[in-house]
Trainee: 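Below is one structure. I have some questions about it.
Computed from a prediction, not measured in an experiment: that's the story for all the values here. If you read the sequence from its start, that first residue is 1, and numbering goes on from there.
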Amino acid sequence: MTINTPAIATNVSELERLKTLHNGTKAPLTFTDAEFERRLGGLRRIMAEKDLDAVVLTSYHNIKYYSDYLFTYFGRSYALVVTPEDSVSITANIDAGMPWRTSYGDNIVYTDWRRDNFYFGIQEALNRRGIKATRLGVEDDTLPVLLRDKLQAAFPGTTLTDVSQAAMRQRMIKSAEEIEVIKHGARIGDLGGEAIKAAIREGITEYEVALIGTEAMVHEIARTFPDQEVRDTWVWFQSGINTDGAHNWATTRKLQQGDILSLNCFPMTSGYYTALERTLFLGEPDARSLELWNINVEVHERGLELIKPGAICKDIAAELNEIYISHGLLSNRTFGYGHSFGVLSHYYGREAGLELREDIDTVLEPGMVVSMEPMITMANNQPGAGGYREHDILVVGENDAENITKFGYGPTNNIINP
């Protein structure tokens with residue numbers, strides 16, 4: 001255990017700017033040391049290609065990806081400084097020794113007692129390693145202008161170079177250890193879906209159903225990952241008009257007979273997002289609703305067939321568009337057909353280079369993990385009003401793709417008649 005033991009302070013000016021808080025022992029991480037070295041090795045290759053002395057990562061997703069530490073912002077900045085030899089996280093004193101315990105690499109704690117101690121911590125991380133940086137890597141896709149300007153001021157004469165896109169491309173290819181975590185996430189999402197399906201009845205509110213699904217998933221996450229933090233899992237459960245958007249939060253609306261329903265389970269397994277999304281009906285759907293639902297299922301099933309190594313994202317989108325066009329429903333689409341999975345949540349992360357959209361020419365490769373999630377929405381004054389959405393997760397292999405979502409979809413499985 002290594003903890004600073006300063007003399008008793010009689011004035012705030014005497015308090016430390018930085019601390020070492022190796023409090024306790026390192027906790028078991030989500031992945032092996034070899035996996036983190038693999039990731040850091042990939043980042044160091046990016047550093048070499050860009051002739052960088054070090055990289056200062058500041059996003060939730062890259063700090064998590066390269067160190068296993070997922071910070072809580074609350075108005076304070078965090079960083080992971082990666083050098084050719086090692087890595088060190090820069091974290092706030094409010095978190096004490098937890099960041100060191102739950103991360104791969106070293107840690108420096110900065111305090112609140114002087115302005116811009118965060119930047120001083122980054123300077124010290126490099127100074128202690130004898131690095132006088134002339135070129136530093138940063139993440140321009142998530143780095144606010146104010147923070148970037150202060151970082152530049154902390155390193156005058158140093159060139160700040162973007163590494164965000166190269167790091168994103170590295171994250172797009174998952175390792176066997178990552179895929180194992182993602183598969184557990186898909187399984188846990190299915191369990192949440194079953195708990196929700198069993199709870200659906202007339203008169204229950206959206207938020208009550210959401211809580212039931214969330215609780216079921218959180219318990220299973222704790223059983224599956226007993227050494228990790230339990231955080232961030234949630235459910236969007238929607239009914240009636242609230243199904244029109246994919247990201248609509250649960251409300252106090254009570255379910256009614258004949259409602260269109262949307263089940264959306266999001267288990268967060270150590271920062272790794274997975275999803276289960278399904279259309280359901282409470283009671284028999286009317287003829288137009290059933291027709292629309294079946295059309296969306298047709299698109300979903302064709303999309304599942306198209307996901308394979310060598311397929312091009314924009315070509316998948318183009319072919320699925322043709323199905324909607326044949327039914328006069330192209331304008332009822334609300335977003336792309338799918339996206340990459342990994343270190344991701346509703347408030348951090350996005351591997352935008354791997355999305356099934358018309359403007360993405362990425363070729364699917366083994367190790368990529370993508371969803372197939374077509375959705376159409378009919379306005380409230382139209383027959384079949386509501387949003388129709390299905391969602392499966394697929395792992396691209398050498399010759400085909402494995403669907404790791406097992407929860408049934410479509411009218412055969414999801415008409416609820418209590």
Trainee: Where is the tightest heavy-atom contact between Q238 and A246, given as atom of each residue plus distance?
Mentor: NE2-O, 3.5 Å
Trainee: Pairing donors with acceptors under 3.5 angstrom, does anything connect the side chains of T30 and Q228?
Mentor: yes
Trainee: What's the verdict on side-chain hydrogen bond (donor to acceptor under 3.5 Å, both in side chains) for N242 and S239, showing C-alpha distance, side-chain angles and the deciding distance?
Mentor: CA-CA 5 Å; N242 199 29; S239 64; over 6 Å; no
Trainee: Can we say E402 and K183 salt-bridge, meaning some charged N sits less than 4.0 Å from an Asp/Glu carboxylate O?
Mentor: yes
Trainee: For the pair D162 and K50, find out whether any cationic side-chain nitrogen is under 4.0 Å from an anionic carboxylate oxygen.
Mentor: no
Trainee: Between the side chains of R38 and E178, is the shortest nitrogen-to-carboxylate-oxygen separation below 4.0 Å, so that they form an ion pair?
Mentor: yes
Trainee: Tell me the closest heavy-atom pair linking W234 and M217, and the distance in Å.
Mentor: O-CE, 3.8 Å
Trainee: Please name the pair of heavy atoms, one in G193 and one in C265, separated by the smallest distance, quoted to 0.1 Å.
Mentor: N-SG, 3.5 Å
Trainee: Could you walk me through whether D68 and S270 pass side-chain contact (heavy atoms from CB on, under 4.5 Å), step by step?
Mentor: CA-CA 8 Å; D68 214 28; S270 190; 4.1 Å; yes
Trainee: If you draw a 6.0 Å radius around CD1 in I94, do more than 12 non-hydrogen atoms from other residues or ligands fall strictly inside?
Mentor: no
Trainee: Distance-only, no hydrogens or angles: does the D116 side chain make a donor-acceptor pair with backbone N or O of Y119 under 3.5 Å?
Mentor: no
Trainee: Would you verify whether the NZ or CZ of R39 falls within 45 degrees of the ring axis of Y65 while also being under 6.0 Å from that six-membered ring's centre?
Mentor: yes
Trainee: Aromatic rings F341 and H339: how do their planes relate, parallel, tilted or perpendicular, breaks at 30° and 60°?
Mentor: parallel
Trainee: Please determine whether a side-chain nitrogen of the Lys or Arg among E220 and R187 lies less than 4.0 Å from a carboxylate oxygen of the Asp or Glu.
Mentor: yes
Trainee: I need the N93 CG to N117 CG distance, nearest 0.5 Å.
Mentor: 10.0 Å
Trainee: Is atom NZ of K406 surrounded by more than 12 heavy atoms (other residues, nucleotides or ligands) closer than 6.0 Å?
Mentor: yes
Trainee: Does this structure show an ion pair linking K314 with D359, if we count only N-O contacts that are shorter than 4.0 Å?
Mentor: no
Trainee: Inspect the surroundings of CZ in F74 and state if more than 12 heavy atoms from other residues, nucleotides or ligands are less than 6.0 Å away.
Mentor: no
Trainee: Going by distance alone, is a donor N or O of one side chain under 3.5 Å from an acceptor N or O of the other, for Y409 and D392?
Mentor: no
Trainee: Given side-chain contact (heavy atoms from CB on, under 4.5 Å), test L364 with C313 step by step and report yes or no.
Mentor: CA-CA 7 Å; L364 298 186; C313 291; 4.1 Å; yes
Trainee: I need the minimum non-hydrogen distance between T377 and D244, along with the two atoms involved.
Mentor: OG1-O, 2.9 Å
Trainee: What is the distance from atom CZ of F281 to atom CG of L290, rounded to the nearest 0.5 Å?
Mentor: 8.0 Å
Trainee: Return the minimal non-hydrogen interatomic distance between A79 and V56, and the atom names on each side.
Mentor: CB-CG1, 4.1 Å
Trainee: May I ask you to decide whether R350 forms a salt bridge with E355, counting only side-chain N to carboxylate O separations under 4.0 Å?
Mentor: yes
Trainee: Does atom CG of N399 have more than 12 heavy-atom neighbours, drawn from other residues, nucleotides or ligands, at distances under 6.0 Å?
Mentor: no
Trainee: Ignoring hydrogens and geometry, is there a side-chain-to-backbone donor-acceptor pair from T274 to I182 under 3.5 Å?
Mentor: no
Trainee: Only one of F71, Y60, Y73 forms a ring-ring contact (aromatic ring centres under 6.0 Å, His included) with Y78, so which one is it?
Mentor: F71
Trainee: When rounded to the nearest 0.5 angstrom, what is the spacing between CG in L70 and CE in M268?
Mentor: 7.0 Å
Trainee: Using atom types as modelled and distance alone, determine if a side-chain donor or acceptor of Q152 lies under 3.5 Å from a backbone N or O of F155.
Mentor: yes
Trainee: If you take all heavy atoms of K174 and S340, which pair is closest and at what distance?
Mentor: NZ-OG, 4.0 Å
Trainee: Please work out whether the ring planes of F266 and Y273 are parallel, tilted or perpendicular, with thresholds of 30° and 60°.
Mentor: parallel
Trainee: Measure the CG-CG distance between L136 and L52 for me, rounded to the nearest 0.5 Å.
Mentor: 7.5 Å
Trainee: For R288, is there an ion pair with E291 - N to carboxylate O distance below 4.0 angstrom?
Mentor: yes
Trainee: Report yes if the side chains of Y207 and T251 come closer than 4.5 Å at any heavy-atom pair, otherwise no.
Mentor: no
Trainee: Distance from T83 atom OG1 to L126 atom CG, nearest 0.5 Å?
Mentor: 8.0 Å
Trainee: Can you label the angle between the W249 ring and the H346 ring as parallel, tilted or perpendicular, going by 30° and 60°?
Mentor: perpendicular
Trainee: Rounded to the nearest 0.5 Å, what separation is found between the CD atom of E373 and the CZ atom of R278?
Mentor: 11.0 Å
Trainee: Check this for me: does any side-chain nitrogen of one of D106 and R129 sit under 4.0 Å from a carboxylate oxygen of the other?
Mentor: yes
Trainee: Does N107 form a side-chain hydrogen bond (donor to acceptor under 3.5 Å, both in side chains) with T91? I'd like the steps, not just the answer.
Mentor: CA-CA 7 Å; N107 173 253; T91 63; 3.0 Å; yes
Trainee: Is the shortest distance from a Lys or Arg side-chain nitrogen in R44 or E85 to a carboxylate oxygen in the other one below 4.0 Å?
Mentor: no
Trainee: Okay, side chain of K26, backbone of G105: is any donor-acceptor separation there less than 3.5 Å?
Mentor: yes
Trainee: When you measure from the centre of the six-membered ring of Y337, is the NZ or CZ of R333 closer than 6.0 Å and no more than 45° off the axis?
Mentor: yes
